[in-house]
Protein chains: 2
Amino acid sequence: MLFTAAEENYIKSIFHLQEDGSLVSTNAVAANLHTSAASVTDMLKKLKSKKLVSYEKYKGFKLNTEGKKTALIIIRKHRLWESFLVNTLQFGWDEVHEIADQLEHIQSKKLVDKLDEFLGYPKFDPHGDPIPDSNGKMHEQIQTSLAELAIHESGEISALGNPSSALLELLQHKQIQIGTNLIVEKIFSFDQSMEIKMNNELLFTISHELAKNLFIKKR
Amino acid sequence: MLFTAAEENYIKSIFHLQEDGSLVSTNAVAANLHTSAASVTDMLKKLKSKKLVSYEKYKGFKLNTEGKKTALIIIRKHRLWESFLVNTLQFGWDEVHEIADQLEHIQSKKLVDKLDEFLGYPKFDPHGDPIPDSNGKMHEQIQTSLAELAIHESGEISALGNPSSALLELLQHKQIQIGTNLIVEKIFSFDQSMEIKMNNELLFTISHELAKNLFIKKR
DNA sequence: AATAAATTTTAGACAAATCTAAATTTATTC
DNA sequence: GAATAAATTTAGATTTGTCTAAAATTTATT
Ligand SMILES: [Mn+2]
Ligand SMILES: [Mn+2]
Ligand SMILES: [Mn+2]
Ligand SMILES: [Mn+2]
């Protein structure tokens with residue numbers, strides 16, 4: 001099924017607002033999309049007729065299975081494009097959202113999958129949010145970025161936030177890879193850089209920028 | 001000025017149809033965009049009110065200076081995205097047009113310029129059409145692709161069609177660069193490969209694929 | 001020059017997406 | 001348990017882009 005950009009924006013908004021599986025309100029979507037409550041009601045009728053939401057007048061609504069599946073496709077596109085912009089085109093992570101809000105509506109499954117491949121199948125976007133794979137599966141956030149570990153906490157590297165070639169070069173040089181065990185020995189408040197011990201041996205310093213891109217399963 | 005995707009499609013269509021500076025007809029645009037003549041007339045009123053076309057009822061129309069400038073921005077985007085798709089994401093040159101027809105409407109000057117930089121400022125798209133630079137200037141086709149030279153013709157390499165890293169690697173290895181003089185010694189009809197003499201010395205074979213991507217100023 | 005044919009424009013309608021204002025339903029408060 | 005407030009839906013309009021059919025204009029052909 002193909003959807004208009006407007007429909008996709010509503011689907012995405014509802015998805016984000018129902019995180020916990022609860023019902024979503026008309027006003028919440030209106031506020032989120034900076035539109036009127038009346039417009040939301042109009043669109044809900046349409047999404048209901050297209051069988052993407054369960055909706056009863058005045059009672060609230062939520063995406064059904066098909067609706068969630070659709071939302072994940074849009075979110076996948078949004079976050080892959082953000083990764084491309086930051087990673088490949090060197091945009092700052094704070095200037096990509098608007099552009100990705102346009103790019104997420106480009107219709108071509110092949111494009112998205114090729115982009116994913118080109119980017120090296122990143123698990124998280126530049127803001128740390130998980131990127132659904134081509135089956136709509138997202139890494140649950142049982143992992144945290146290294147940057148969020150406290151002193152003396154330890155874990156194992158489980159994913160790369162956004163594998164640019166520059167990042168991969170750095171990791172190769174420092175011999176860091178998926179599965180590497182590490183423990184935080186010190187955090188310098190000046191620049192948030194961390195001193196970490198790797199595989200109980202080597203001790204070295206990691207920038208905050210790098211720490212944000214290393215995802216960890218705590219131990 | 002910002003324009004809708006529909007407006008941009010009309011502007012681009014008119015641009016292509018007036019190549020020689022002549023007036024364009026309603027039916028020509030209708031055929032080109034697979035729409036009705038009535039729709040074209042409606043849109044022309046709008047483009048006239050936005051001062052992009054000169055148009056007199058029943059007499060035909062053409063883009064004015066501002067209209068052409070706008071058209072070149074859209075064409076620049078279309079051809080850069082095509083280059084990206086073929087070059088970076090490994091699409092075939094015959095499967096990128098539809099996707100570029102969507103991508104050309106993404107609004108962000110910075111995105112286009114960064115994409116151009118990332119691609120290495122290609123002069124021609126994967127179909128051999130010239131890509132306008134950020135000032136709207138296009139390489140006039142006084143140069144031809146090497147693939148179009150006949151036997152015994154000679155010239156100097158003046159531009160790369162689409163500088164992918166794979167192409168650059170090949171050129172570096174063979175020591176071919178901008179300014180290199182060459183003459184076509186032989187063309188094998190079997191695969192269109194060419195035997196060329198470089199700087200009056202080295203003799204070697206070049207595939208048709210490569211020849212299409214080397215642009216030449218004839219001598 | 002008159003008529004026929006082709007082209008173009010206008011008239012009127014429709015779907016998508018939005019809005020404001022009024023009506024309806026649900027939630028809160030006394 | 002009314003009365004009031006808040007949230008939601010409906011009614012009616014508007015803009016954009018499209019369509020078909022009819023009218024107007026230009027071009028071609030007797
Ligand atoms: Mn969007
Ligand atoms: Mn993001
Ligand atoms: Mn287009
Ligand atoms: Mn092209």
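So that the names make sense, note that chain A is the first sequence line, chain B the second, and so on, each numbered from 1.
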Fill in: N/O (side chain, B:Thr35) to phosphate O (OP1/OP2, D:dC19) under 4.0 Å
yes
Worksheet item: Would you say a side-chain N or O of B:Thr41 is under 4.0 Å from OP1 or OP2 of C:dT9?
Response: yes
Item to complete: Would you please indicate yes or no on a ring centroid separation below 6.0 angstrom for B:Phe84 and B:Phe91?
Response: no
Worksheet entry | B:Asp20 versus B:Ser22, side-chain donor and acceptor atoms under 3.5 Å | yes
Worksheet item: Within the pair A:Lys45 and D:dT9, is there a side-chain N or O less than 4.0 Å away from OP1 or OP2?
Response: no
Discussion item. Quick check for you: among D:dA21, C:dT8, D:dT18, whose closest atom lies nearest to any side-chain atom of B:Tyr10?
Written reply: D:dT18
Worksheet item: Could you give the CZ-to-P distance, from A:Phe61 to D:dA7, as a whole number of Å?
Response: 14 Å
Worksheet item: Which atoms form the tightest heavy-atom contact between A:Gln143 and A:Phe215, and what is the distance?
Response: OE1-CB, 4.1 Å
Discussion item. Could you tell me how far apart B:Leu23 (CG) and D:dT27 (P) are, to the nearest whole angstrom?
Written reply: 11 Å
Worksheet, complete the sentence: With the side chain defined as heavy atoms from C-beta on, A:Ala38 is closest, among D:dA11, D:dT18, C:dT9, to D:dA11
Item to complete: For the side chain of A:Ala37, starting at C-beta, report the closest nucleotide among D:dT9, C:dT26, D:dT18.
Response: D:dT9
Item to complete: Quickly work out the B:Glu7 CD to D:dT18 P distance and round it to whole Å.
Response: 10 Å
Response to the item:
When every non-hydrogen atom of B:Ile11 is compared with those of B:Leu63, the smallest separation belongs to O-CD1, 3.7 Å
Practice prompt. Name the closest nucleotide to the A:Asp42 side chain, picking from D:dT10, D:dT8, D:dT18.
Written response: D:dT10
Discussion item. Between the base of C:dT24 and the side chain of A:Tyr58, is there a donor and acceptor pair under 3.5 angstrom?
Written reply: yes
Fill in: Nearest-Å distance for atom pair CD/P, residues B:Glu56 and C:dT9
11 Å
Discussion item. Just N and O in the side chain of A:Lys59: are any of them under 4.0 Å from OP1 or OP2 of C:dT26?
Written reply: yes
Item to complete: State whether A:Tyr55 places a side-chain N or O below 4.0 Å from either non-bridging phosphate oxygen (OP1 or OP2) of D:dT9.
Response: yes
Item to complete: Any strand is fair game: report the nucleotide pairing with D:dA21 by Watson-Crick or G-U wobble, both distances under 3.5 Å, or none.
Response: C:dT10
Worksheet item: Would you say a side-chain N or O of A:Lys57 is under 4.0 Å from OP1 or OP2 of C:dT26?
Response: no
Discussion item. Could you go through A:Asp125 and A:His78, starting from their C-alpha distance and side-chain angles, then the distance that decides it, and tell me whether this counts as side chain to side chain donor-acceptor pair (under 3.5 Å)?
Written reply: CA-CA 9 Å; A:Asp125 80 3; A:His78 184 99; 5.9 Å; no
Practice prompt. Quick one: label A:Ala6 by what it contacts on the DNA or RNA (base, sugar-phosphate, nothing), any heavy atom closer than 4.0 Å.
Written response: sugar-phosphate
Worksheet item: With respect to the phosphate group of C:dT8, does any side-chain polar atom (N or O) of B:Asn27 fall under 4.0 Å of OP1 or OP2?
Response: yes
Worksheet item: When all nucleic acid strands are considered with a 4.0 Å heavy-atom cut-off, which category describes B:Ser36: base, sugar-phosphate, or nothing?
Response: base
Response to the item:
note: B:Lys48, atom NZ; C:dT9, atom C1'; distance rounded to Å ~ 13 Å
Response to the item:
A:Phe3 atom CZ is separated from C:dA16 atom P, nearest whole Å, by 14 Å
Worksheet item: OP1 or OP2 of C:dT7 less than 4.0 angstrom from a side-chain nitrogen or oxygen of B:Ser25, does that happen here?
Response: no
Practice prompt. Quick one: closest heavy-atom pair of B:Glu153 and B:Lys218, and the distance?
Written response: OE2-NZ, 3.6 Å
